[in-house]
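Here's the structure we're looking at; comments come further down.
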Number of protein chains: 4
Amino acid sequence: MSGSKDGKHQKILEAAIDVISEKGLDNTSISDIVKKAGVAQGTFYLYFSSKKALIPAIAENLLGITLERIKEKTQTKEKLWDVLEVVIDETFHITKTYKDVIVFCYSGLAIEHSMEKWEAIYQPYYEWLEELLEQAKRNNEIAADIHVKWTARIIINMVENASERFYIGMEQDDTLDGFKKEIFSFLKRALLKP
Amino acid sequence: MSGSKDGKHQKILEAAIDVISEKGLDNTSISDIVKKAGVAQGTFYLYFSSKKALIPAIAENLLGITLERIKEKTQTKEKLWDVLEVVIDETFHITKTYKDVIVFCYSGLAIEHSMEKWEAIYQPYYEWLEELLEQAKRNNEIAADIHVKWTARIIINMVENASERFYIGMEQDDTLDGFKKEIFSFLKRALLKP
Amino acid sequence: MSGSKDGKHQKILEAAIDVISEKGLDNTSISDIVKKAGVAQGTFYLYFSSKKALIPAIAENLLGITLERIKEKTQTKEKLWDVLEVVIDETFHITKTYKDVIVFCYSGLAIEHSMEKWEAIYQPYYEWLEELLEQAKRNNEIAADIHVKWTARIIINMVENASERFYIGMEQDDTLDGFKKEIFSFLKRALLKP
Amino acid sequence: MSGSKDGKHQKILEAAIDVISEKGLDNTSISDIVKKAGVAQGTFYLYFSSKKALIPAIAENLLGITLERIKEKTQTKEKLWDVLEVVIDETFHITKTYKDVIVFCYSGLAIEHSMEKWEAIYQPYYEWLEELLEQAKRNNEIAADIHVKWTARIIINMVENASERFYIGMEQDDTLDGFKKEIFSFLKRALLKP
DNA sequence: AATGAATGAGCTTTCATTCAT
DNA sequence: AATGAATGAAAGCTCATTCAT
C-alpha cells in the first residue's frame, strides 16, 4: 500500500516493540526480535545500524501514532478544555499499552545523550499544542501571561509523566478516572483566565 | 548517625554514582565501580546482592539528599509558595548535578518492574508535601477541592520531569530562570484558591 | 590482447587490489570490493568462486606486471649486472606501490596451503632468471659452480624480501639508495667469478 | 620452575601456536585456543588484550627460542662461516617445525602495520649478527666495504625467507642439504674478502 | 549475465558472578 | 571481611555466499 513503510523494516519495528514490551530492553536480544519478526539475524542490520538505533525509531513510531490519534479525535473539538481531555485520555491509553517501551525510549534516548533526537521527535507534538494555546489565548480562554512554548512542554510532559507513574507504579485501576480528573482540574486551574 | 553507613558500602555507592554519571549504566561495569571505589571485585557482592540492587540504593541515596536539603531550606518558610520555590530550585539543582544517574534510576527501576520500590522511596517525599498541602488547605491558601494525595504526586513528578527535560534536552542555561518562574506560576495558578 | 580480460573481471581485480592495499585483507569485505568496482554483490561470484580465489589471481596479476616491466627494461641490457640492477629497482618499485597486497598475497597463499600455486605463478620469473644465469655462466661472468635453479630462487626471493622489509619496516626513504646498492654489491660478490 | 612464565599465559601461548600451526590463523578461533589450553574463554582476555595481541607475543616467543638455540650452538665457534652454518641449520629447523606460525606472524605483523614491533623483536638477533660481522671484519675474514647493519639484516632475512619458501613450497626433502649448501656458498661468496 | 536483498553460521568480546585463599 | 583470578554464558555484529528476479 501507499503509506505502508517497507515491509521488513516495519515488521522488525513492530516485533521489537512487542518483545521489548514483554521483556524490557536489556533482556531483549536482537535474536529475540528477529525471531519474532520472522527474518534472519543479518536482516536486522540491513534496516537498523545497531541495537541502539531502534530506540529513536520506536519512539518516533509511538509518538506518531499517539499524535495521529489525538489529532483525529480533536478535529471536532472547539474548546481547549475538550482537547486537553482527549490528550489526557489518549496519553493514558497509549501509556497503558506501551508502558515499558515508553520508559525505555525515554531513558534510552536520555542515556545515549541523543536527547536532541527526542526533542526533534516531539517537535510536531509541541508545535501542535503551542498553536492551540495561542488560539486559546486569543479567545481569552486562558491567561494572557502564559508563556506558550514552555507551557506546551510542561503540559505534555506532565501528562505523560503522570500516566507513566500511574501505570508503572501499578496504581489500582479503579482510581484511574479520579486521577485523570484531578490532572484535568489541575491543568484547567493552571491555565484558566482567573 | 551522620557518617554511619559502613565505609565500604558508602564508598561503593558513591563510586557507582560517579561512574554511572560519566558513562551511563550500560557502559558501566562492576569492574569500573570497584576500581573507582578502591575495593576488590568480590567485595561488591558483600554489600550488594547484584548489579541491579544498586539502582534502588542509588535512588534512595539521591532522593534522601534532596529531601534533606529541601527540608532544611524550608524550615523557616511559612507560605506554601515559598516552599514550592525551594522545591523547584532544589530539584533543578540536584537534577543538574546528577542528571544521568536520575534518568537511569528512573528507567532502571521502571524497567526492572520494581516500581513498588520507587514508590516506597518517594513515600517520605510525598508525605511531606501532602502534609504541607493539607496545612495550606486548612489555611485557605489553596483551593478546597484539591485532592491532596494525587496533587502531591503530580507536583513532585512534574517539577522533577520538567527539570530533567530541561537539562537533558540541553536547553540554553540562560532560559533557566524564566523556565523555573513559568513552572512556579503554573503551579501557583493550579493550586491557588480562585 | 592488451586489455583483453573481460571488463568486469578486471574491474573487480583492480578494485580488490586497491581496497586491500588500503585496508588489509581481513578488513576488506566482498562488499567493499564490489562497491569500489561498481558491480553488484552477486557479480563477484560470477568471476571468482570465492574470496580466497582472489589471492592467486591478484598475485599473478602483480607478478605479471612486474615481470613485464623488468623484461621490457632489460631488453637492451647485455650484462647480468645491469639486469640485476633493474630487477632490484623494479622490485623495490612494485613493492613500494603494493606493499600491503604483496604481503597479504604471500601470506594468503602460504596460509591457505596453496603454495603450489605460488610456485606456479613464480615459474616464469624463475625461468627467465635461470636462463640469464646460464648465459652468464657460459660467458664466464659468474662462477661456474653456481647451482642455477636454486640461485635464481635465492636471488629473486632475497630481493623481494629485502624490499618488503624495507618498506614495511618504514625505513627512512633517504637510505633507499644505499640499501639498494648494498644489495647489489652483495649479489654481485655472491655471483662473481672470483 | 624459576624462569617459567606465568602458567596460564604460557599455556595459552603454546596452545595458540599449536592450533594455529594446524589450522591457520583465520580458521583458529579463540574458542579453539582456550579449549586446547584448558582455560575458560574469558581467561584468554586476562592475558591478551585481543586476538591480534597474540601475534607479536608468538613471534617474540619463537624468535627467542631460535636465537637462544643459535647462541648456544655457536658459543664454541670461532669462524664466521661456522656460525653461518649454524644459523642456516637452525633457521631451517625452526621453520620446518613452525612454518605456518612463522608465516602468519610475519604477515600478521605486516598487515597490522605494527612492523615496528617486528623490528623490535628482531633487534637482538640483528645486533648479535652485527657484532659478529664487525669481528669478522676486524679479523679480515670478510670484505672491508661491507655495510654491517644492512648486511646483517640481508643475511638473516634471506636465510629465513629461503627456508620458508623451501618448506612452504613443499620442496622435496632430499634436496634440503643441497639447498642449504647452496645458500651457504652464496653467502660465503657474498661476504668473503676477495 | 547481472542484480542485491536476504541469509545465518560463527566470530570476538564482555562482564556479572563465584570461590579458594 | 576481603580479595581478585577465573569463569562461561550470552550478546552484538559481520560477511561470504545464495538465489529469485
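Predicted model only: the values in this text are computed from it and were never measured.
Closest to the side chain of K51(C), out of dT17(F), dA5(E), dG4(F), is dT17(F). Distance from the side chain of Y45(D) is smallest to dT12(E) among dT12(E), dA5(E), dG4(F). Set against dC13(F), dG4(E), dA1(E), the side chain of Q41(C) has dG4(E) as its closest nucleotide.
For the pair F44(D) CZ and dC15(E) P, the interatomic distance rounds to 17 Å; values are reported in whole Å. Across the protein-nucleic acid pair, I33(D) atom CD1 and dT13(E) atom P stand 11 Å apart, rounded to whole Å. If you take CG of D32(B) and P of dA16(E), they are 9 Å apart, rounded to a whole angstrom. Per the geometry, CD1 belonging to I12(D) stands 11 Å off C1' belonging to dA6(F), to the nearest Å. When the C1' atom of dG10(E) is taken as reference, atom CG of D26(D) falls 13 Å away, rounded to whole Å. What separates OH of Y47(C) from C1' of dT3(E) is a distance of 12 Å, to the nearest Å. Look at NZ on K35(A): it is 11 Å from P on dA9(E), rounded to the nearest Å. The interatomic distance linking N27(C) (CG) with dT14(F) (P) rounds to 12 Å, in whole Å.
The residue among S49(D) and S49(B) whose nearest nucleotide of DNA chain E lies closer to the 5′ end is S49(D). For V39(C) and G38(A), each mapped to the nucleotide of DNA chain E holding its nearest heavy atom, the one lying further toward the 5' end belongs to V39(C). If you find the closest nucleotide of DNA chain F to L46(B) and to S50(A), the one lying nearer the 5' end belongs to L46(B). DNA chain F is contacted by both A40(B) and S31(C); A40(B) maps to the nucleotide lying nearer its 5′ end (nearest heavy atom per residue).
Side-chain nitrogen and oxygen atoms of K8(D) include none within less than 4.0 Å of the OP1 or OP2 phosphate oxygen of dA5(F). Using a 4.0 Å cut-off, some side-chain N or O of T43(D) falls inside it from OP1 or OP2 of dT7(F).
Between the CD1 atom in I94(B) and the NZ atom in K99(B) there is a gap of 14.0 Å [rounded to 0.5 Å]. For the atom pair CD1 of I12(B) and CD1 of I33(B), the computed distance is 8.5 Å after rounding to the nearest 0.5 Å. In this structure, CZ in F48(C) is found 7.5 Å from CD1 in I58(C), a value given to the nearest 0.5 Å.
Contacts of T28(A) with the nucleic acid, taken as non-hydrogen atoms under 4.0 Å apart, involve only primed sugar atoms and P, OP1 or OP2. Contact annotation for I30(A): backbone-only contact, meaning every heavy-atom pair under 4.0 Å involves sugar-phosphate atoms and none involves a base. Across all strands shown, S29(B) has heavy atoms under 4.0 Å from sugar-phosphate atoms exclusively, and none from any base.
A donor-acceptor contact closer than 3.5 angstrom links the side chains of S29(A) and D32(A).
For OH of Y98(D), the number of neighbouring non-hydrogen atoms (other residues, nucleotides, ligands) closer than 6.0 Å is 12 at most.
Pair check for dA20(F) finds dT3(E); Watson-Crick or G-U wobble, both atom distances under 3.5 Å. Across all strands shown, the partner of dC15(E) is dG8(F), judged by Watson-Crick or G-U wobble contacts whose two distances both fall under 3.5 Å.
Counting all heavy atoms, side chain and backbone alike, T28(A) lies closest to I20(A) at OG1-CA, 3.7 Å.
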